[in-house]
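Input: a single structure, listed below in structure tokens.
Note: hydrogens, waters and symmetry copies are ignored here, and every other heavy atom, side chains too, is used. Here is the naming used below: chain letters follow the sequence lines, and residue numbers restart at 1 for every chain.
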Number of protein chains: 2
Amino acid sequence: MEGARSVATIRDVARKSGVSVATVSRVLNEKGYVHEDTRKKVEKAIEILQYKPNNVARSLFKKTSKTIGFLIPDITNPFFPQLVRAVEDVMYPAGYTTILFNSDENLNHEIEYIEGMTSKYIDGFIIASNTLHWEHLHLLNVPVIALDRHIDSRISSVVIDNYTGAVEALEFMFSRGCKNIAHLEGPNYIYTAQERKKAYLNVMKEKNLPVLLQQGNYELEQAMIKTMHLLSEHPNIDGLFAGNDVMAIGALKAAHKLGIQVPKQLSIMGFDGIEWGETVTPELTTMQQPIYEMGRKAAELLLARIHEQDLEVEHHILPVNIKKRNSVK
Amino acid sequence: MEGARSVATIRDVARKSGVSVATVSRVLNEKGYVHEDTRKKVEKAIEILQYKPNNVARSLFKKTSKTIGFLIPDITNPFFPQLVRAVEDVMYPAGYTTILFNSDENLNHEIEYIEGMTSKYIDGFIIASNTLHWEHLHLLNVPVIALDRHIDSRISSVVIDNYTGAVEALEFMFSRGCKNIAHLEGPNYIYTAQERKKAYLNVMKEKNLPVLLQQGNYELEQAMIKTMHLLSEHPNIDGLFAGNDVMAIGALKAAHKLGIQVPKQLSIMGFDGIEWGETVTPELTTMQQPIYEMGRKAAELLLARIHEQDLEVEHHILPVNIKKRNSVK
DNA sequence: TTGTAGGCGTTATCAT
DNA sequence: ATGATAACGCCTACAA
């Protein structure tokens, strides 16, 4: 890259247009009185010098950076890209840039990140992660929105009702004739997984049916292996409620490998509604979350709280709806 | 959130430890001489006041922000999450935070973004987008790495050889007995799509075979529709070389709907090697790019150039390799 | 070894 | 309507 021409500052503009920096600042921010002629002169100087205000200096003074932090477990998990996209789609037009952080659910990394961002005058956080709690967040003097999981009653949140969603998913499976449903559960330290499992447990208990649990980790490969075990050991299973879509897809592959027909011999139900589910064979029946909508809502809440300091805490529970496709008979 | 306690500054630390700010700064940056006892005192004060250096002030002075910008078309495109992850995995441990930007290939947005970031003292860019050219970048006084596509010989890049990869993919299809191969092409304004198409055209020409082109846009839904048309109009097609995996998956769905058996009646070949390809039925045969590796390499190049100003331009072409699965016979 | 003071580029207050 | 000037929080000559 060529030799770095030094960038014009507000002082250069002032000099060139023969006014003070204060005046330049006024035309820049359209604040206070400034004579039409002066404005013209200043604007011309800005044009000539290709002047762009320095955002760092601005941040230092204003104690705001027009930037928000978005913490997610892992962008590689197909649930998150849409969420990220939605957040950005709201933030960018509002003049905010969003900084993503893949936490891998590592608490120390998360804390480190939050501290680093705080010292950059970040204006707020959206947190879709499972390790951070009230104690880590309450000292922040910027708004925080919990997304996808509820963190604390004092922190605004945008979630879905995982419990009820799971109950409905199970009811649907029963209504389609499943008699012997197993649950491929997600990691027990993840809130959504806990809720979905709880629903399974309660439904089975209520119906006085035997519980059949298999531990998964929300990932494909392992889900496939675990399902193979499960199905070999319990050939009478006729329904599998997976903790998320990714695992449901793993289960589908497992069934395929074992020569078990879905949904004829085995119904498989997912949870999430990621796009992936439409491309597998048979197409995945799942409990669909309004992913994009969730991201959008969280971003809007955050923005509102950035603009107006002490809005009340709000908890939003967005509706899920069952997506009937072909993996449940 | 509770009332905002004002944050401690370096001045507070100086006061509390009875030294000057210069000394505090010295212990902070481990620079210059400072007596062991003084250091102790200062460190204690820092501890007590929970002092964290203000990164904005630091940036203003140092003209660097320990931040890089990463421009991609759309995180929702399953090719990118891995790339993003790789970049972050290199950048974060090196003390840099990366800011993602979804450009949707909109030039104005991209320019706006780059300008905004420049005025934040961003330290470099990785660009995996198709609209930005030399003219937009050469004035930047920070390093830029082109990723996934070559921008200009004067800008370091990390790419794969799309042309040769496509040729090899086609050779493979022929070797498996395909006689009549069509190409589902990507958007013609995208570099990778152009290269892959060029390869198809040349191979067909060389073999004196008729060209069968269908325009796609690298997306699933449209690919499915286009493939339905293509296959209905040309029932003698026995091989389809898709411009990317996502479209290949769309094609797979189309074949499925039309009752055409893959790979028995129709071989489908993808390009990219995204994880998705493993979950469809039949599993997608594809030309695999070292996606993570590409991101890693780009990040490393950038880092090197940030640390050392005038390293030579480097162009890296990473190897692709065919992933034989079950969609090509 | 430590302190003083000027500057990084803006904004906002207070004069004029 | 405009201009000086003191912050914002940090760093680094230069002095001491």
Inset, instruction - Could you tell me whether B:Ser59 contacts a base, only the sugar-phosphate backbone, or nothing, with contacts defined as non-hydrogen atoms closer than 4.0 Å? - result: nothing

Legend entry - Exercise: do B:Tyr191 and B:Asp148 side chains pair donor with acceptor under 3.5 Å: no

Legend entry - Integer-rounded Å distance: D:dA1 C1' and A:Lys41 NZ: 12 Å

Legend entry - Sidechain N-carboxylate O distance under 4.0 Å for A:Glu314, A:Arg305: yes

Inset, instruction - Please confirm whether A:Tyr113 and B:Tyr92 have ring centers closer than 6.0 angstrom. - result: no

Legend entry - Distance, rounded to the nearest Å, where A:His35 contributes NE2 and D:dG3 contributes P: 13 Å

Inset, instruction - Going by the side-chain contact (heavy atoms from CB on, under 4.5 Å) test, name the single residue among B:Leu83, B:Leu302, B:Ile127 that passes it with B:Phe70. - result: B:Leu83

Inset, instruction - Salt-bridge test for A:Lys40 and A:Asp37: reply yes if a basic N is under 4.0 Å from a carboxylate O, no otherwise. - result: no

Legend entry - Bending between helix ends of the helix from C:dT1-D:dA16 to C:dT16-D:dA1 [5 pairs per end, 10° resolution]: 50°

Inset, instruction - Give a yes or no on whether a salt bridge exists between B:Arg85 and B:Asp89, defined as a side-chain N under 4.0 angstrom from a carboxylate O. - result: yes

Inset, instruction - Go through the steps to decide whether A:Glu293 and A:Arg296 satisfy the test salt bridge (charged side-chain N to carboxylate O under 4.0 Å, His left out), and finish with yes or no. - result: CA-CA 5 Å; A:Glu293 190 57 27; A:Arg296 198 157 67 90; 2.9 Å; yes

Inset, instruction - Let me have a per-nucleotide readout for nucleotides 7-16 of chain D, 5' to 3', with B, S or -, counting only protein heavy atoms under 4.0 Å. - result: BBBBBB----

Inset, instruction - May I have the step-by-step check of salt bridge (charged side-chain N to carboxylate O under 4.0 Å, His left out) for B:Lys44 and B:Glu47, ending in yes or no? - result: CA-CA 5 Å; B:Lys44 184 178 293 177; B:Glu47 178 62 27; over 6 Å; no

